[in-house]
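Here is how names work: the chains are called A, B, and so on, in the same order as the sequence lines, proteins then strands, and each is numbered from 1. In this text the structure is predicted, and so the values were computed from the model without any measurement.
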Amino acid sequence: MTLIAMTEPSTDKPSGGSETLEAARREKLRKIRQLGIDPWGQRFDNHAPIGEIRAREGEIVVESAGDCATGRPPQAHGPEVRAAGRIVLQRKAGKLIFLDIRDWTGQIQLLIGKKQVGEENWALAQCFDLGDLIGVDGELSRTRTGELTIFARDLHFLSKSIETPPAKHKGLQDPELRQRMRYLDLIHSEGVLGRFLHRTKIVQSIRNTLAAERFVEVEGPTLHAIAGGAAARPFTTHHNALDIDLFLRIALELHLKRLLVGGIERVYELGRVYRNEGISPRHNPEFTMLEVYQAYGDYGTMMELTEKLIVEAIRATGQSLKLPWGESEMDFSTPFARKTYDELFLEHTGVAADDVPGVTQYAYDCGLDTAGKHIDVIKNEVFEAKVEDRLTGPVFVLDYPASICPLTKRKAGNPAIAERFELFIQGMEVANAYTELNDPDLQEELFSRQLEGLAAEDSMARMDHDFIRALRHGMPPAGGLGIGIDRLVMLLTDSPTIREVILFPLLRPEAEG
RNA sequence: GAGGCUGUAGCUCAGUCGGUAGAGCAACGGACUUUUAAUCCGUAGGUCUGGGGUUCGAGCCCCCACAGCCUCACCA
C-alpha cells in the first residue's frame, strides 16, 4: 500500500455550507491518508453479498439470552463473515458506533466497538462519513435488541465520498435530480434499484423465450441511408468520409425482413430506435424495441408468441399473473382477450365501423377535422381518440382497416382488412404485429401512395428501392411482431412514467456554472 | 410547439397581509459500550433559479429568460 501524504485543498470558511461540508470530508480523507490507508481503496476479495450474509442468520447459536435490565450482553456465536457496502446510517454512542451498510442485495447493521477493533481501526472509524464505501470482517450475531449485526473485528476502507448524500430517509424527491443523478436515486430511493434489476430480468427472459423457440438474434445497422419501417421523424447525422447524410433508425423492420429473404427463418433484434418526436410520460426520443419475424407464420402465430413472451417475463420477475397498476389490478392470465377493431369501434362509439356517413358525423361531432381525409383515416382518428384510452386490457385488437397499414398483408377474400393486431394494456399500445406483406408490386404501390400523402410534411420519407428489390427475390409468408420494451417494463413494474424505467432519459443539458 | 403548475441551506420542506430568512436531516465541538429516524448540550450554514421592473421596502406583486413536472400536439 502506498502512503500518500498530499495536502488537500482546504477552505477557511466556517462549517455548514456546501463547500464546508466537502471540506469536512476532505479533512477526514487527509486523516485516512495520515493513517497510512489509501482513501480510494484496493481490490477486496471474498466478501459475501449482504443478502447471503443475512440468509445465514440460522447459523447463530444462542447460548444465553441478553438482559436489557441488567445490561448483560447475550451470549451468542455466529459465523465469521466479510462484507462490503456503502454507509447509509451511522449512530455513534460513545466508544461504540452502529453503522448500516448497504450493497445491491441488502442492508445490514455493523457494530464497531473501540475495544473490540483496536486503536487503529477505531481511528479509521472516526473518519467515516455517510456515503463512504467500507469493508468489514466480523462475526454475524445479534445485538441485545435482536438486530442482526456484524460485530466488527477488522475494518477496510474502500472509497471516500466527498459529497453529502441526500436526506437519509426521504432520499431524493426532486424528479429532475432523480434523473440527472440516477446514481444517487439508485442508492437512496426506495425500489429504484429493484425496478431496474427487474428490467434486466424481463429483457433476459425475452431472449431466453425466443431462444427456446429457435429464434436467432441479429444486429442490424443503426445508421440508415433511408429511415423506414415506421411513420416517424428521424434524427439526422453525417458521415464525413463518405460525405453523406444518414438517419438514426426509427424501426428495425426493413432489415430484418431482408434477412427473412436471406433465409434466417426465425430472426429478431432487441435494440434501441430513435425518433425525433416529443417527450411525454410514455415517450422518450430513444427507446428499446423488440421486432421478431417468423417465416411461414402469420399474425396468429405472433399472438401466441406475444402471450408467451409476456407471461414468461412476469414469471422472471417472480410475480403472479395478477399485477398491480396503481390502485387497480391487471390480469395476465392467458389467453388475453381478442376483439376486432370494428367490434370495439361499435362498442365504444355506438356507430358501426362500416357506416360511412355515421362515422364521419361522429368524427365531426368529436371536433375532428374530417375535410379531404380517407374514411379509414377518419375512422382511425376516432378510434385513437375514443377507444384506445379505454382499453385497460390486456386485449388484442384485430383486423385493422387496410389503408392505414402499408406493410401488412390483406385478409384473404377481404382486401379492405389488414391482418394486423395491436396489444393494448392500460390504454398503451404495447405490441403491434402483422401478417407481413411479401408481394413486391403491392408493397411498392403502397409505399408510393404513402409518400404522396406525406410529401410536404415529411421530406425525410423516401422509397426504399433496395427493400423492394429484396422482396422481388421472394420473401416467405411470415408473421412479424414489435414490442415496446420500455412500456412493457412500465406495466410489469407498476411504473406510471417511462422515465422510471429508463436509467438516463433525455433531459436538457444543465446550465453551465 | 401551446397552456398550466413548480423552483427557498448539501437533502426534505415551512415562510401569514409586501416589513431583518425558518425547521428537520446532514455538518462541526462536547457527553455516552447495545443503538436502530439513537438521545442530550452547544456551534455554524442562504446569489430565496437568473435578469429586469413596481415600491420607502420584494422570497412574496409584474415582465423576460432557464430548468423540471402535468395536459395537449407529434409519436410507440
S.K.: Show the distances under 3.5 angstrom between N or O atoms of the protein and N or O atoms of nucleotides 12-14 of chain B.
M.R.:
{"from": "B/U12", "atom 1": "OP1", "to": "A/Q173", "atom 2": "N", "distance (Å)": "3.1"}
{"from": "B/U12", "atom 1": "OP1", "to": "A/D174", "atom 2": "N", "distance (Å)": "3.1"}
{"from": "B/U12", "atom 1": "O2'", "to": "A/K170", "atom 2": "NZ", "distance (Å)": "2.9"}

S.K.: So which pairs with a foot in residues 103-115 of chain A pass salt bridge (charged side-chain N to carboxylate O under 4.0 Å, His left out), sequence neighbours left out?
M.R.: none

S.K.: The criterion is side chain to side chain donor-acceptor pair (under 3.5 Å); which residues satisfy it with A/E147, sequence neighbours excluded?
M.R.: none

S.K.: Ignoring hydrogens and angles, write down the donor-acceptor pairs under 3.5 Å from the side chains of residues 161-170 of chain A, residues two or more places apart or on other chains.
M.R.:
{"from": "A/S161", "atom 1": "OG", "to": "A/E163", "atom 2": "O", "distance (Å)": "3.0"}

S.K.: Between the protein and nucleotides 29-33 of chain B, are there any N/O to N/O pairs under 3.5 Å, and if so, what are the atom names and distances?
M.R.:
{"from": "B/C32", "atom 1": "N3", "to": "A/G94", "atom 2": "N", "distance (Å)": "3.0"}
{"from": "B/U33", "atom 1": "OP2", "to": "A/K95", "atom 2": "N", "distance (Å)": "3.2"}
{"from": "B/U33", "atom 1": "O4", "to": "A/K115", "atom 2": "N", "distance (Å)": "3.4"}

S.K.: Can you give me the dot-bracket string for RNA chain B, 5' to 3', counting Watson-Crick and G-U wobble pairs with both distances under 3.5 Å, using [ ] for crossing pairs and | for partners on another strand?
M.R.: (((((((..((((.....[..)))).(((((.......))))).....(((((..]....))))))))))))....

S.K.: Just jot down the side chain to side chain donor-acceptor pair (under 3.5 Å) partners of A/K339, sequence neighbours excluded, or say none.
M.R.: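 Partners of A/K339 under the side chain to side chain donor-acceptor pair (under 3.5 Å) test: A/E347.
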
S.K.: According to side chain to side chain donor-acceptor pair (under 3.5 Å), who are the partners of A/R249, at least two apart in sequence or on a separate chain?
M.R.: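 So A/R249 forms a side chain to side chain donor-acceptor pair (under 3.5 Å) with A/E269.
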
S.K.: Give every residue pair that meets the salt bridge (charged side-chain N to carboxylate O under 4.0 Å, His left out) criterion with at least one member in residues 390-406 of chain A, sequence neighbours excluded.
M.R.: A/D399-A/K411

S.K.: Between A/L130 and A/S280, which is nearer to the 5' end of RNA chain B once each is assigned its nearest nucleotide?
M.R.: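 The residue closer to the strand's 5' end, by nearest nucleotide, is A/L130.
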
S.K.: By ring-ring contact (aromatic ring centres under 6.0 Å, His included), which residues pair with A/Y400, not counting sequence neighbours?
M.R.: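 Only A/Y341 meet the ring-ring contact (aromatic ring centres under 6.0 Å, His included) criterion with A/Y400.
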
S.K.: Under 3.5 Å, which donor-acceptor pairs link side chains of residues 89-98 of chain A to any protein atom two or more places apart or in another chain?
M.R.:
{"from": "A/R91", "atom 1": "NH2", "to": "A/D100", "atom 2": "OD1", "distance (Å)": "3.1"}
{"from": "A/R91", "atom 1": "NH2", "to": "A/Q109", "atom 2": "OE1", "distance (Å)": "2.7"}

S.K.: Let's see if you get this right: which residues in residues 284-294 of chain A place a heavy atom under 4.0 Å from RNA chain B?
M.R.: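 Contacts with RNA chain B under 4.0 Å: A/N284, A/F287.
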
